[in-house]
Asker: 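Please see the structure below; I have some questions.
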Amino acid sequence: MKASVFYDIGDFRYEELPVPTINDDEVLIKMRACGLCGTDVHKAVAKTVKTPVVLGHEVSGDVVEVGKNVKDFKTGDRIFVAHHVPCFTCHYCLHGHHTLCHQFKTTNIDPGGFSEYIRIPALNVRHSMHKIPDDMTYEEAAMAEPVACCLHGQKYARIMPEDTVLIMGAGQIGIIHGQLAKARGAGKVYISDISDFRLQKARELGMDLAFNVNKEDLAEKVKEITGGLGVDVVIIAAGISSLLPQAVKIVRRGGTIIVFSPFDRNSLVSIDSSRFFEDEISIVGAYSSTPFEYIEALKMIHDKKINAGAMITHTFELKDLGKAIELASNPDEKYLKVMIEP
Ligand SMILES: [Zn+2]
Ligand SMILES: [Zn+2]
């Protein structure tokens, strides 16, 4: 079988690998679509992972072989699968922080999403694999992973009916967050970015106001549209740590900021800490998704509460993964969601 293997920055190789063999509790799938995640792009351009490695974790496909103990799936099933599974019993899991579980990041599909065939280990078969409806495309199904991550993040946001929500960053994650906030009853959803292309996409996908922070002053704009109150919820969906002090400035008294992005560069920032006691603001982080969110994510996509199909701007063949990464790592490119297909 073929897989696109990441060796080094700018060095992806479309290679022949052995088809994985499965045991009695596992499943072999043929990949039909694998979304390109911002984290894949980050790993590939900053080389933050050991290589050679097969990246990719937003996967849908067809079941082609099942172990004899597998009862819930059969050959021919169309499925979605996610890569990480928590243990459900450790200190973190018992406190509801499943994505911080020690087991979580040690689990994975084999060899990775950007591969023609993928072995699904028993834990994933049991907890993170789901059949998809006949009328759902493989591309839509692959979007269930990032949608689940956003659902996970918004659990901490406690969005109330008629709340105003500002999303900082109109990339794929920001636009999913925006659609999700709308679906969960937010009154107005605003989004900011520096790309007119992404802002236009955000408008098409239902954001009430999308504005370019290179052309308009964020704090002034928020003051104007909220009558001086500030926004109820801010979701930071761009990996720029200087957005946090800005968010602290524009969130309303008692409001919540969700940090949904790795601030791994320049992570030390200074914020107006008087706002915690005086104004009861909250800042909460959210990472990845858990088995509790996949069914809901698939349902929201199926019910068209999240228009996943309209977000896909590019599709690349598996052999051209390197080109896809090149496109997605160029901030001037006009793209939103990239799908990889065999
Ligand atoms: Zn992802
Ligand atoms: Zn655990």
Side-chain angles (χ1 to χ4, degrees), residues 4 6 31 33-46 48-49 53-61 80-109 112-115 118 121-124 126-130 138-154 169 171-177 179-180 235-239 259-262 264 285-294 297-298 300-301 306 308 311-312 314 316 321 324-325 328-329 335-340:
S4 252
F6 173 49
M31 184 269 278
C34 182
L36 184 62
C37 178
T39 60
D40 294 320
V41 178
H42 183 67
K43 283 171 191 162
V45 296
T48 56
V49 285
V53 67
V54 177
L55 301 172
H57 58 262
E58 302 177 357
V59 178
S60 66
F80 154 83
V81 64
H83 55 327
H84 293 327
V85 183
C87 77
F88 302 101
T89 55
C90 73
H91 186 81
Y92 292 113
C93 285
L94 292 176
H95 286 75
H97 291 283
H98 298 88
T99 64
L100 307 181
C101 169
H102 292 300
Q103 178 186 287
F104 194 68
K105 278 195 177 185
T106 64
T107 51
N108 208 346
I109 52 176
F114 298 130
S115 172
I118 304 167
L123 279 173
N124 301 69
R126 208 172 311 136
H127 298 294
S128 71
M129 188 157 122
H130 298 279
Y138 292 107
E139 292 79 8
E140 288 172 322
M143 294 284 286
E145 199 274 342
V147 170
C149 292
C150 294
L151 269 169
H152 180 72
Q154 290 203 13
Q172 45 177 305
I173 288 296
I175 289 183
I176 292 172
H177 266 304
Q179 295 185 71
L180 213 49
I235 298 174
I236 305 179
V259 177
F260 198 87
S261 213
D264 50 0
Y287 159 71
S288 199
S289 53
T290 74
F292 303 104
E293 285 119 14
Y294 301 127
L298 285 164
M300 291 193 89
I301 293 170
I306 304 287
M311 292 184 60
I312 300 164
H314 293 75
F316 283 85
L321 178 60
I325 300 265
S329 59
Y335 84 97
L336 190 58
K337 183 71 191 180
V338 177
M339 275 292 153
I340 307 296

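Counting starts at 1 for both ligands and their atoms, following the listed order.
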Asker: Could you check whether Ser128 and Tyr294, counting side-chain N and O atoms only, form a donor-acceptor pair closer than 3.5 Å?
Answerer: no

Asker: Once rounded to 10 degrees, what value does the angle at the Zn ion (ligand 1) take between SG (Cys37) and NE2 (His57)?
Answerer: 100°

Asker: Asp40 side chain to Leu55 main-chain N or O, any donor-acceptor pair under 3.5 Å?
Answerer: no

Asker: Return yes when atom OH of Tyr92 has more than 12 non-hydrogen atoms of other residues, nucleotides or ligands closer than 6.0 Å, and no otherwise.
Answerer: no

Asker: Mind checking the NE2-CZ spacing from His98 to Phe88? Nearest 0.5 Å is all I need.
Answerer: 6.0 Å

Asker: Just wondering, do Phe104 and His102 contact through their side chains at under 4.5 Å, heavy atoms?
Answerer: no

Asker: Mind checking how many protein N/O/S atoms fall short of 2.8 Å from the Zn ion (ligand 2)?
Answerer: 4

Asker: Answer with yes or no whether the side chains of His42 and Asp264 bring together a donor and an acceptor at under 3.5 Å.
Answerer: yes

Asker: To make sure I understand the geometry: which N, O or S atom in Glu58 is closest to the Zn ion (ligand 1)?
Answerer: OE2

Asker: Checking Thr106 against Gln103: is there a side-chain donor and acceptor pair closer than 3.5 Å?
Answerer: no

